[in-house]
Amino acid sequence: MRCQALRRPVCPRWSAAQVKGESVALVQPGSELAHALGLELAEAIANESAAREVWAWGASDRVELWVLTEPTDADTEQRLYALSAPLDDRHPEVDLRVHVLNPAWYGESDPKVIIPSGAERIALPRR
Amino acid sequence: MIDLRTRLHLDKAERNRGIARALIGRPGVSISEPPPFDWAVVVGFYAALHYAKAYLWETQRFYADTHQALQRRMRLTVFFASVRREGYSLWHYYRRLRSLADQARYHPHFVGTRPLVVALLDDPLERIRRAVWEALGLLPRR
């Protein structure tokens with residue numbers, strides 16, 4: 001059994017009981033997977049100039065990713081959701097949630113406040 | 001003749017769609033000021049959810065009791081997953097509606113505006129609605 005996101009035999013989110021015959025050390029369940037999926041998302045949206053930051057957070061049973069944008073229009077927002085959709089297909093075993101944080105929905109507030117403190121910022125590759 | 005459960009999902013979807021539009025009201029005429037744009041987004045998403053459930057029940061007799069199960073089945077169903085003329089799939093629209101509904105429901109900083117919510121109800125939600133009605137061989141109601 002291989003973890004597609006990490007390209008190695010086990011995923012951090014799998015329990016030792018799921019990996020028969022192997023003793024598995026779990027390192028912060030979910031966070032390593034979240035990092036890997038965050039990198040995939042950052043790569044997928046790298047050409048989108050409205051995207052400012054990508055953040056990732058993982059727990060044992062799910063991964064949440066956020067794309068923080070400039071205030072942007074509905075077309076760009078929809079395109080970002082579409083660009084992130086292939087992650088669902090590549091990782092069907094993960095309860096994955098991707099949120100585009102468009103300041104246009106947040107009035108005077110900075111939508112960044114909703115990203116949990118334990119989330120990791122993922123560098124956006126710029127082309 | 002469509003199945004009763006399909007009809008009930010469609011009725012619920014249409015009702016939610018109407019409630020979402022009623023919540024945003026018209027300029028100067030609303031149940032609160034500012035209007036509850038956040039709840040209009042949430043109810044709009046639940047309209048989309050019931051359109052999806054109507055399709056899956058009618059065509060596959062599939063019933064999902066969790067968001068995760070529903071979404072997994074949508075991703076595996078060509079009707080939702082295939083990219084359409086405008087460059088997006090119904091799944092793309094659905095996941096945007098779901099994400100915005102989560103943001104609207106759980107985060108007090110989310111406020112929305114009338115143009116944004118109107119656009120959300122007129123575009124992704126309406127595209128899902130029309131596609132489902134047409135796929136089921138029905139004419140969308142006005």
Side-chain angles (χ1 to χ4, degrees), chain A residues 13 37 41 44-45 48 50-51 54-55 57 59-69 71-117 119, chain B residues 34 37-38 40-42 44-45 48 66-78 80-84 86-128:
Chain A
R13 65 190 293 274
L37 297 192
L41 176 61
I45 64 167
E48 290 294 325
V54 171
W55 291 80
W57 175 89
S60 58
D61 61 345
R62 80 174 206 238
V63 169
E64 292 209 42
L65 304 173
W66 295 266
V67 179
L68 184 64
T69 70
T72 195
D73 57 27
D75 288 343
T76 303
E77 189 179 289
Q78 182 64 67
R79 192 166 60 249
L80 286 164
Y81 279 106
L83 287 169
S84 63
L87 271 71
D88 296 325
D89 299 321
R90 287 201 292 270
H91 308 284
E93 78 283 6
V94 180
D95 180 5
L96 173 63
R97 300 178 193 189
V98 179
H99 302 291
V100 175
L101 299 181
N102 179 0
W105 289 99
Y106 285 82
E108 300 297 309
S109 300
D110 181 353
K112 202 170 173 176
V113 298
I114 78 172
I115 300 171
S117 57
Chain B
F37 297 127
D38 50 353
V41 171
V42 173
F45 161 67
T66 66
H67 286 293
Q68 206 175 351
L70 175 64
Q71 292 174 187
R72 186 176 298 128
R73 180 56 68 105
M74 288 174 74
R75 292 202 312 268
L76 295 172
T77 300
V78 170
F80 292 106
S82 60
V83 173
R84 291 166 181 260
E86 66 273 15
Y88 299 119
S89 67
L90 298 181
W91 168 242
H92 292 156
Y93 296 131
Y94 185 90
R95 69 202 302 279
R96 177 169 170 227
L97 288 163
R98 167 93 201 268
S99 168
L100 287 169
D102 283 351
Q103 294 178 49
R105 191 168 43 169
Y106 294 116
H107 300 296
H109 302 86
F110 185 102
V111 289
T113 65
R114 187 184 306 278
L116 285 171
V117 178
V118 168
L120 195 71
L121 300 180
D122 281 350
D123 193 37
L125 177 59
E126 203 59 24
R127 287 182 189 277
I128 292 171

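Bear in mind the structure is a predicted one, so any value in this text is a computation, not a measurement. In what follows, chains are A, B, ... by sequence order, proteins preceding strands, each numbered from 1.
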Where do V117(B) and W105(A) land on the side-chain contact (heavy atoms from CB on, under 4.5 Å) test, with the steps shown first? CA-CA 9 Å; V117(B) 178; W105(A) 289 99; 3.8 Å; yes
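For a residue to count as touching a neighbouring chain, one of its non-hydrogen atoms must lie under 4.5 Å from one of that chain's; by this rule L76(B) does not touch chain A. With a threshold of 4.5 angstrom between heavy atoms, V100(A) approaches chain B through N, CA, C or O but not through any side-chain atom. Looking at Y106(B), there are no atoms closer than 4.5 Å to chain A (heavy atoms on both sides), in backbone or side chain. Residue contact with chain A, scored on non-hydrogen atoms closer than 4.5 Å, involves the side chain of P124(B) exclusively.
Most heavy-atom pairs under 4.5 Å with chain B: of the set A74(A), A104(A), A85(A), this distinction falls to A85(A).
Rounding to the nearest 0.5 Å gives a distance of 6.0 Å between CG of D75(A) and OH of Y88(B). For the atom pair R96(B) CZ and H99(A) NE2, the distance stands at 14.5 Å (nearest 0.5 Å).
You'll find the side chain of L100(B) reaches within 4.5 Å of the side chain of E77(A), heavy atoms only. Put simply, the side chain of L101(A) reaches to within 4.5 Å of the side chain of Q103(B), judged on heavy atoms.
Using modelled atom types, one side-chain atom of Q78(A) and one backbone atom of H92(B) make a donor-acceptor pair closer than 3.5 Å. A donor-acceptor contact shorter than 3.5 Å is absent between the side chain of R97(A) and the backbone of S99(B).
Classified by interplanar angle (parallel below 30°, tilted 30° to 60°, perpendicular above 60°), the ring pair F110(B)/Y106(A) is perpendicular.
Residues meeting the salt bridge (Lys or Arg N to Asp or Glu O under 4.0 Å) test with D102(B), sequence neighbours left out: R98(B), R105(B).
Salt bridge status for D88(A) with R95(B): present, with a side-chain N to carboxylate O gap under 4.0 Å.
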